[in-house]
Amino acid sequence: MRRLAMLSLVLFLTAAFTSPSLAAATEGEKLQASQLVDRGISYLTAAQADDGSFSKQVGPGITALVAAAILENGRSPSDPVVAKALKYVESHVQPDGGIYAKGSKYKNYETSLAIRAFAAANEASKDGRYDELLKRATTFVKEIQWDGGEGHDESSMYYGGAGYGGHARPDLSNTAFLADALESVGTGPDDPAVQRMLVFISRCQNLESEHNQTKFPPLNPDGGFYYTVAAG
């Protein structure tokens with residue numbers, strides 16, 4: 001329950017000052033939002049372990065998400081909570097450039113969240129301290145995206161998607177984490193990895209179009225999305 005509460009809070013923080021409606025809010029509403037964020041960060045501060053982690057039993061992903069949420073709400077990389085969290089996540093940098101716990105089955109998920117955290121730290125610090133780390137991590141998540149390198153060309157339902165990173169089938173959730181990570185480091189829509197993702201995402205939608213000629217859209221043509229079409 002504590003982890004669920006923490007996740008709910010972090011998701012609130014990641015959206016708190018990025019909502020389009022906030023720009024039109026009154027000063028009183030902005031102050032109220034700021035106070036809510038401060039209380040949320042105070043809760044997270046008290047929940048941080050001595051080694052800088054949050055819910056370390058599930059790997060570095062939650063810690064990275066907390067660090068990103070706090071940074072994206074105006075705190076500095078030198079903030080004690082943020083600095084400890086980033087140091088903990090950085091301790092999971094692997095020789096292949098990925099950022100995940102040893103033996104993890106969730107390499108894409110963990111690395112993608114770490115990319116968002118370190119990209120936010122870079123933006124806040126303005127000194128490019130994580131440039132090399134981010135370059136290697138970005139290369140890693142692109143390389144484990146399903147494509148020809150894994151024996152799946154564009155005709156495959158796996159093509160363009162991202163899975164957890166243990167070569168399980170791709171899904172929309174992990175692909176969204178990958179998209180978020182690439183966007184955070186300034187990857188544009190014409191990047192080959194993004195173009196591959198669009199193929200997979202289009203095929204997951206219940207919408208028959210030139211982008212989706214699979215058997216699935218006619219079954220339920222409501223415009224919604226399947227978790228994955230790679231499972232048949």
Side-chain angles (χ1 to χ4, degrees), residues 1-16 18 37 39-73 75 77 79-121 130 133-134 136-138 140-146 161-185 227-228 230-231:
M1 289 299 293
R2 182 180 178 86
R3 191 164 81 223
L4 180 60
M6 185 184 299
L7 276 171
S8 299
L9 175 57
V10 170
L11 291 172
F12 162 74
L13 290 175
T14 57
T18 57
V37 167
R39 290 180 63 192
I41 292 175
S42 293
Y43 172 85
L44 291 171
T45 299
Q48 188 174 36
D50 291 341
D51 63 1
S53 68
F54 295 85
S55 298
K56 67 183 295 181
Q57 68 273 19
V58 294
I62 301 300
T63 304
L65 188 58
V66 170
I70 297 176
L71 283 163
E72 291 169 5
N73 279 280
R75 303 309 195 267
D79 177 276
V81 176
V82 174
K84 287 173 65 178
L86 290 175
K87 184 177 180 180
Y88 173 79
V89 177
E90 192 171 5
S91 72
H92 289 79
V93 174
Q94 303 298 333
D96 59 10
I99 306 171
Y100 54 85
K102 289 183 179 179
S104 174
K105 297 180 180 179
Y106 312 109
K107 296 177 182 179
N108 174 73
Y109 158 74
E110 293 176 358
T111 303
S112 292
L113 287 173
I115 287 172
R116 178 166 176 176
F118 288 117
Y130 296 114
L133 178 154
L134 285 166
R136 296 186 68 232
T138 301
F140 173 79
V141 291
K142 286 183 176 182
E143 286 180 347
I144 62 173
Q145 182 186 27
W146 286 94
Y164 282 108
H167 281 282
R169 54 97 189 98
D171 59 67
L172 202 57
S173 175
N174 274 287
T175 304
F177 279 117
L178 173 60
D180 187 56
L182 295 183
E183 190 277 334
S184 72
V185 292
Y227 179 66
T228 184

Between [X] (side chain) and [Y] (backbone), is there a donor-acceptor pair under 3.5 Å?
X	Y	result
Gln48	Phe54	no
Thr228	Pro170	yes
Gln94	Gly98	no
Glu110	Asn108	no
Arg75	Ala67	no

From [atom1] ([X]) to [atom2] ([Y]), nearest 0.5 Å:
X	Y	atom1	atom2	result
Tyr164	Tyr109	OH	OH	8.5 Å
Ile99	Ser112	CD1	OG	9.5 Å
Ser53	Lys87	OG	NZ	13.0 Å

For [X] versus [Y], what's the shortest heavy-atom pair and its separation?
X	Y	value
Ala162	Thr175	N-OG1, 2.9 Å
Leu71	Ala121	CD1-N, 3.7 Å
Pro77	Val82	CA-CG1, 3.9 Å
Ile115	Ser184	CG2-OG, 3.7 Å
Trp146	Arg169	NE1-C, 4.3 Å
Lys84	Ala49	NZ-O, 3.9 Å

Member of Leu113, Val89, Thr111 meeting the side-chain contact (heavy atoms from CB on, under 4.5 Å) criterion with Tyr100: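 When Leu113, Val89, Thr111 are each tested with Tyr100, the side-chain contact (heavy atoms from CB on, under 4.5 Å) holds only for Thr111.
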The criterion is side-chain contact (heavy atoms from CB on, under 4.5 Å); which residues satisfy it with Ser42, sequence neighbours excluded?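 For Ser42, no residue satisfies side-chain contact (heavy atoms from CB on, under 4.5 Å) once neighbours in sequence are set aside.
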Apply salt bridge (charged side-chain N to carboxylate O under 4.0 Å, His left out) to residues Glu183 and Arg116 and explain how you reach the verdict. CA-CA 9 Å; Glu183 190 277 334; Arg116 178 166 176 176; over 6 Å; no
Quick one, Val81 and Leu44 - any side-chain contact, counting heavy atoms below 4.5 Å?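 They are not in side-chain contact.
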Does a side-chain heavy-atom distance below 4.5 Å link Asn174 with Leu178?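 Contact flag for Asn174/Leu178 side chains = no.
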Please determine whether side-chain contact (heavy atoms from CB on, under 4.5 Å) holds for the pair Glu90 and Leu133, giving the CA-CA distance in whole Å, both sets of side-chain angles, and the decisive distance to 0.1 Å. CA-CA 9 Å; Glu90 192 171 5; Leu133 178 154; 4.0 Å; yes
Report yes or no: do Asp51 and Tyr88 form a side-chain donor-acceptor pair below 3.5 Å?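 Checked: Asp51/Tyr88 side chains show no N/O donor-acceptor pair below 3.5 Å.
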